[in-house]
Novice: 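My structure is below; once you've seen it, I'll send some questions.
Numbering of residues begins at 1 and proceeds along the displayed sequence.
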Amino acid sequence: PSQVSDGPHAGPSGIPLPVTRLSKILDGIVVWIGEASAWIWTALMLLIVYQVVQRYVFGLGSIKMEEMQWHLYGIGFMLAIPFAEVRERHVRIDVLAEHWPIRRRLWIEAFGLLIFLLPFSLFALVQAWPYMTHSFTANEISSAPDGLPYRGVLKAFIVVTFALLTMAAISRLSRVIAALRMKN
């Protein structure tokens with residue numbers, strides 16, 4: 001469905017939510033990073049093709065190339081999570097809720113954001129920070145012979161992912177609150 005600029009927009013969830021100033025900013029950041037990171041999948045595909053040709057045509061293998069594939073896949077997947085939240089492309093099972101009044105669905109959405117998504121993403125962010133910083137300070141490298149160095153860079157994407165997911169949750173909550181205010 002196309003978005004109407006002067007009123008609420010119902011995404012795939014079926015819940016019409018207005019755009020707020022805060023959601024414009026936060027969603028803009030998350031979507032920009034999500035769309036920019038889509039190129040990771042092209043790089044990953046090219047790397048896999050290169051690795052296959054090296055292995056089966058020239059008989060050469062590379063642990064670095066295999067680890068790079070895992071890293072690109074992990075980064076691409078992690079950066080897609082907050083993007084999916086903003087674009088409502090995540091799994092939703094609204095078998096019962098789809099028949100409820102919009103106001104009740106908005107309260108359930110607010111409850112889910114405040115009780116589940118925000119605390120989870122903030123907890124993960126707080127837990128991931130020392131995990132990442134330890135990796136950088138220890139100059140962590142792959143345990144595989146000839147593996148990749150700079151393991152902290154990969155772990156930094158865990159922090160980035162949960163920071164972006166927190167932003168996406170705050171953005172959606174601002175939209176839910178605005179919709180609840182409109183319904184009064």
Side-chain angles (χ1 to χ4, degrees), residues 1-3 9 11-13 22-94 112-113 116-173:
S2 63
Q3 183 164 348
H9 167 280
S13 68
L22 182 61
S23 74
K24 266 187 188 177
I25 294 166
L26 296 178
D27 288 353
I29 294 167
V30 172
V31 167
W32 185 84
I33 291 172
E35 289 176 348
S37 69
W39 285 101
I40 290 171
W41 301 111
T42 302
L44 177 59
M45 182 209 52
L46 293 172
L47 183 61
I48 290 170
V49 169
Y50 173 79
Q51 183 74 1
V52 167
V53 169
Q54 287 294 312
R55 178 175 290 145
Y56 294 108
V57 175
F58 300 109
L60 302 171
S62 170
I63 292 173
K64 281 185 180 172
M65 290 296 139
E66 286 183 27
E67 285 189 0
M68 182 59 74
Q69 289 174 33
W70 303 336
H71 291 195
L72 287 176
Y73 178 77
I75 292 167
F77 187 85
M78 285 189 291
L79 292 177
I81 293 169
F83 181 78
E85 172 62 25
V86 166
R87 290 290 173 94
E88 292 188 51
R89 299 293 189 244
H90 55 292
V91 176
R92 291 184 70 104
I93 304 175
D94 292 335
L113 290 166
F116 296 112
L117 184 56
L118 269 170
F120 170 75
S121 59
L122 287 169
F123 176 79
L125 181 60
V126 168
Q127 294 300 310
W129 186 264
Y131 182 66
M132 175 202 65
T133 55
H134 173 72
S135 185
F136 275 112
T137 56
N139 205 14
E140 186 179 2
I141 61 171
S142 171
S143 60
D146 197 36
L148 290 174
Y150 313 116
R151 188 60 57 92
V153 173
L154 179 64
K155 292 180 180 182
F157 279 96
I158 299 169
V159 172
V160 169
T161 295
F162 285 105
L164 290 171
L165 189 57
T166 300
M167 290 168 55
I170 291 168
S171 167
R172 185 151 180 96
L173 184 60

Novice: Might you point out which heavy atoms bring Val86 and Ala168 nearest each other, and give the distance in Å?
Specialist: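 Heavy atoms of Val86 and Ala168 come nearest at CG2-CB, 3.6 Å.
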Novice: Search all heavy atoms of Thr166 against all heavy atoms of Ser121 and return the closest pair with its distance.
Specialist: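 So the two residues come closest at OG1-OG, 3.2 Å.
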Novice: For residues Ala156 and Phe136, report the shortest heavy-atom separation together with the two atoms involved.
Specialist: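 That would be CB-CE1, 4.2 Å.
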Novice: To the nearest 0.5 Å, how far apart are CE in Met65 and CD1 in Ile48?
Specialist: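 Answer for the CE-CD1 pair, Met65 versus Ile48, is 12.5 Å.
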Novice: Does atom CH2 (Trp41) have a neighbourhood of more than 12 heavy atoms from anything else shown, all under 6.0 Å?
Specialist: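 Atom CH2 in Trp41 is packed in, count exceeds 12.
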Novice: Could you give the distance from CG (Leu47) to NE2 (His71), rounded to the nearest 0.5 Å?
Specialist: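 Result: 11.5 Å between the selected atoms.
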Novice: Is Thr161 reaching over with its side chain to a backbone N or O of Phe157, donor-acceptor style, under 3.5 angstrom?
Specialist: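 Indeed, once roles are kept as given, a pair shorter than 3.5 Å links the two residues.
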Novice: Is the shortest side-chain heavy-atom distance between Ile33 and Phe83 below 4.5 Å?
Specialist: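 Contact flag for Ile33/Phe83 side chains = no.
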Novice: Grab the two heavy atoms, one from Gly147 and one from Ile63, that are nearest each other, plus how far apart they are.
Specialist: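 Smallest heavy-atom distance, with atoms named: CA-CG2, 4.1 Å.
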Novice: Less than 4.5 Å apart, side chain to side chain, heavy atoms only: is that true for Gln51 and Gln69?
Specialist: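 Result yes, sub-4.5 Å side-chain heavy-atom pair found.
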Novice: Can you tell me how far the CG atom of Leu164 sits from the CG atom of Leu125, to the nearest 0.5 Å?
Specialist: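 Answer rounded to 0.5 Å: 10.0 Å.
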Novice: Is any side-chain heavy atom of Glu140 closer than 4.5 Å to a side-chain heavy atom of Lys155?
Specialist: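 Touching, per the 4.5 Å side-chain cut-off.
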Novice: Measuring from atom CE of Met68 to atom CG of Leu154, what distance do you get when rounded to the nearest 0.5 angstrom?
Specialist: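 Separation between the atoms: 10.0 Å.
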Novice: Rounded to the nearest 0.5 Å, how far apart are CD1 of Ile170 and CG of Asp27?
Specialist: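 Taking CD1 in Ile170 and CG in Asp27, the distance rounds to 11.5 Å.
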Novice: Are the side chains of Ile141 and Tyr150 in contact, using a 4.5 Å heavy-atom criterion?
Specialist: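 Result no, sub-4.5 Å side-chain heavy-atom pair not found.
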Novice: Taking all non-hydrogen atoms of both residues, which atom of Ala128 and which atom of Ile158 are closest, and how far apart?
Specialist: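 Smallest interatomic distance, heavy atoms only, reads CB-CG2, 3.6 Å.
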Novice: Are Phe123 and Phe162, when compared by the centres of their aromatic rings, separated by less than 6.0 Å?
Specialist: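 Ring centres of Phe162 and Phe123 not closer than 6.0 Å.
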Novice: First locate atom CH2 of Trp39, then atom CG of Leu46, and finally report the distance between them rounded to the nearest 0.5 Å.
Specialist: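 Answer for the CH2-CG pair, Trp39 versus Leu46, is 10.0 Å.
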Novice: Please answer whether the main-chain N or O of Ser171 pairs with a side-chain N or O of Ser23 as donor and acceptor at a distance below 3.5 Å.
Specialist: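 Side chain of Ser23 to backbone of Ser171, a donor-acceptor pair under 3.5 Å: no, none is there.
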Novice: Side chains of Glu85 and Leu117, heavy atoms from C-beta outward: is any pair under 4.5 Å?
Specialist: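 They are in side-chain contact.
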Novice: Do Arg151 and Met132 have side-chain heavy atoms sitting under 4.5 Å apart?
Specialist: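 No. Closest side-chain heavy atoms not under 4.5 Å.
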Novice: So, Glu67 side chain and Leu148 main chain: donor-acceptor pair closer than 3.5 Å or not?
Specialist: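 Judged by distance alone, yes, a pair lies under 3.5 Å.
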